[in-house]
Enquirer: 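Below is one structure. I have some questions about it.
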Amino acid sequence: MGEHEYLNSFINNSSTIIEKAGADIINPAHKAVMYDDKGDVVIAVSGEKAIGVVLSGASSDVVKGETLNVLIKDIGLIEAGGEVFKGDAVTVNEKGQGVKAEAGSFIFGFAFSTAAEGELIQIQINKAGKTA
């Protein structure tokens with residue numbers, strides 16, 4: 001066994017993780033989340049690096065300290081915060097919704113469907129960095 005072989009026990013091939021809510025969250029399903037300064041998840045805000053999207057099965061309200069299932073990679077659903085078209089680079093607004101990425105914004109993923117504000121869009125999460 002190599003010196004760092006024990007690190008393999010930390011590999012997780014799942015596309016979802018379970019995280020503790022760092023605040024009360026109303027209607028968290030299909031919203032993007034990010035880590036707070038304590039390592040818990042809160043609704044992602046504009047310009048910050050979202051880590052994933054809360055899965056559909058989330059209850060209507062989550063109390064601080066409860067757990068959430070978060071999709072961190074692959075294809076899932078996010079609530080649109082404005083008109084998004086299939087193929088658009090997507091970032092996150094101040095409500096944790098997916099919106100079309102503009103110059104300088106952090107690309108959270110790419111839209112695989114088209115939606116208006118409040119509708120769900122299919123998104124491939126890939127955290128591609130900032131747009132030029």
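Numbers here are sequence positions counted from 1.
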Enquirer: For residues 11-30, which residue pairs pass the salt bridge (charged side-chain N to carboxylate O under 4.0 Å, His left out) check, not counting sequence neighbours?
Expert: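 As it turns out, there is no salt bridge (charged side-chain N to carboxylate O under 4.0 Å, His left out) pair with a partner in residues 11-30 once direct neighbours are skipped.
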
Enquirer: Please report the interatomic distance CD(E102) to CD1(I107), rounded to the nearest 0.5 Å.
Expert: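 Rounded to the nearest 0.5 Å, the CD-CD1 separation comes to 12.0 Å.
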
Enquirer: Determine, step by step, whether I51 and V33 satisfy the side chain to side chain contact (heavy atoms under 4.5 Å, CB included) criterion, reporting the C-alpha distance in whole Å, the side-chain angles of both residues, the deciding distance to 0.1 Å, and the verdict.
Expert: CA-CA 6 Å; I51 62 148; V33 292; 4.1 Å; yes

Enquirer: Compare every heavy atom of S113 with every heavy atom of I121, then report the nearest pair and how far apart it is.
Expert: CA-OG, 3.4 Å

Enquirer: Looking at I25 and V42, what are the two nearest heavy atoms and their distance?
Expert: CD1-CA, 4.4 Å

Enquirer: Taking the side chain as everything from C-beta on, heavy atoms only, tell me whether F112 gets closer than 4.5 Å to Q124.
Expert: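 Yes; the side chains approach each other to less than 4.5 Å.
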
Enquirer: Can you spot which of T67, V41, V70 makes a side-chain contact (heavy atoms from CB on, under 4.5 Å) with I18?
Expert: T67

Enquirer: N126 versus F110: any side-chain heavy-atom pair under 4.5 Å?
Expert: yes

Enquirer: Starting at CD of E119, measure out to CD1 of I78 and round the result to the nearest 0.5 Å.
Expert: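 Answer for the CD-CD1 pair, E119 versus I78, is 14.0 Å.
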
Enquirer: Can you give me the closest heavy-atom contact between A58 and L68, atom names plus distance?
Expert: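 For A58 and L68, the tightest heavy-atom pair comes out as CB-CD2, 4.4 Å.
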
Enquirer: So which heavy atom on V92 is nearest to which on A50, and how close?
Expert: CG2-CB, 4.0 Å

Enquirer: Please examine the side chains of V53 and I125, heavy atoms only from C-beta on, and report whether any two atoms are closer than 4.5 Å.
Expert: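 Yes, their side chains come closer than 4.5 Å.
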
Enquirer: Would I75 and Q122 count as a side chain to side chain contact (heavy atoms under 4.5 Å, CB included) if you check the C-alpha gap in whole Å, the side-chain angles of each, and the deciding distance to 0.1 Å?
Expert: CA-CA 7 Å; I75 298 172; Q122 193 176 38; 3.4 Å; yes

Enquirer: Taking the side chain from T91 and the backbone from F106, do they hold a donor-acceptor pair closer than 3.5 Å?
Expert: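 Side chain of T91 to backbone of F106: a pair is present.
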
Enquirer: Start with the C-alpha gap between K127 and I72, add the side-chain angles, then the distance that decides, and say whether side chain to side chain contact (heavy atoms under 4.5 Å, CB included) holds.
Expert: CA-CA 9 Å; K127 303 173 199 117; I72 58 169; 4.2 Å; yes

Enquirer: List the atom of V84, the atom of A80, and the distance in Å for their closest heavy-atom pair.
Expert: CG2-CB, 4.4 Å

Enquirer: Drop me the distance from K95's NZ to I43's CD1, to the nearest 0.5 angstrom.
Expert: 12.0 Å

Enquirer: Restricting to non-hydrogen atoms, name the atom on G82 and the atom on V99 that form the minimum distance, rounded to 0.1 Å.
Expert: N-CG1, 4.2 Å

Enquirer: Examine distances only and state if a side-chain atom of D88 and a backbone atom of V90 form a donor-acceptor pair shorter than 3.5 Å.
Expert: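 The answer is no, because no donor-acceptor pair under 3.5 Å joins these two groups.
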
Enquirer: Spell out, yes or no, whether M34 and I123 are grouped together once hydrophobic residues are joined by side-chain heavy atoms under 4.5 Å, including indirect joins.
Expert: no

Enquirer: Report yes if some heavy atom in the side chain of L55 is under 4.5 Å from a heavy atom in the side chain of T16; otherwise report no.
Expert: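 Answer yes - side chains close enough.
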
Enquirer: Which pairs count as salt bridge (charged side-chain N to carboxylate O under 4.0 Å, His left out) when at least one residue sits in residues 71-87, sequence neighbours excluded?
Expert: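 Every salt bridge (charged side-chain N to carboxylate O under 4.0 Å, His left out) pair that includes a residue of residues 71-87, provided the two are not neighbours, is K31-E79.
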
